[in-house]
Amino acid sequence: MEYLTQQAKNIGLTFNFNDIKPTNTFDAHRLAKWAKTQGKDTNINEKLLSAHFKEAKDVGDIEILADIGEEASLNREEALKILQDKNLWAHNIREDQLEAKNIGLATFLSLLSMGNMQFQGHNQQRHFLKC
């Protein structure tokens, strides 16, 4: 992890791997889907990544997610309502997961390493380029 932390630092990113909380990010993805309909997808994605990797917040906690939504200029109460209803936007996330599986993506991309995109697991660059 020290190597990845240093590589991230070299390109201006801060990762706090020692304190990151392993969590289920499904609700964070649901929040991001809704945020896109509000024109806030770039905002929320930046806030979610910072909260998880830099600030080591639990992005599986709906209260924390609602706070992050508010930081991204979303209505906190609306965000919380969406997060409390586990069915809202879930179908969209499942479709995204299926699409990723169908093109051969089984894991998330790894971090940028020495300026080149690296892949984890059995993912191939050609699969990523199909996206």
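Note that the structure is a prediction, hence the values are computed from the model and not measured.
- A heavy-atom distance below 4.5 Å is not found between the side chains of D19 and F53.
- Applying the 6.0 Å contact sphere to CD of E99 captures no more than 12 heavy atoms from other residues, nucleotides or ligands.
- The backbone N or O of K47 sits nowhere less than 3.5 Å from a side-chain atom of S50 that would complete a donor-acceptor pair.
- Residues that satisfy the side-chain contact (heavy atoms from CB on, under 4.5 Å) test with K9, not counting sequence neighbours, are Q6.
- Looking only at side-chain heavy atoms (C-beta outward), H29 and D96 stay at 4.5 Å or farther from each other.
- Residue K21 qualifies as enclosed at atom NZ: its count of foreign heavy atoms under 6.0 Å is above 12.
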Kindly indicate, with the supporting measurements, whether the criterion salt bridge (Lys or Arg N to Asp or Glu O under 4.0 Å) is fulfilled by D27 and K86.
CA-CA 8 Å; D27 286 335; K86 298 298 183 186; 2.6 Å; yes
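- Between K33 and D41 there is no salt bridge, since no side-chain nitrogen of the basic residue lies less than 4.0 Å from a carboxylate oxygen of the acidic one.
- Note on residues 64-75: pairs passing side chain to side chain donor-acceptor pair (under 3.5 Å), not counting sequence neighbours, are D67-R76.
- Listed here is the closest heavy atom pair of A28 and L48: O-CD1, 3.8 Å.
- A donor-acceptor contact shorter than 3.5 Å links the side chain of N43 to the backbone of A72.
- Side chain of R30 to backbone of I93: no donor-acceptor contact under 3.5 angstrom is found.
- Residues satisfying the salt bridge (Lys or Arg N to Asp or Glu O under 4.0 Å) test with E46, not counting sequence neighbours, are none.
- Of all the heavy atoms in A79 and A66, the pair that sits closest is CB-CA, 4.5 Å.
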Would you please test N16 and K54 for side-chain contact (heavy atoms from CB on, under 4.5 Å) and show each step?
CA-CA 5 Å; N16 187 3; K54 185 178 180 180; 5.7 Å; no
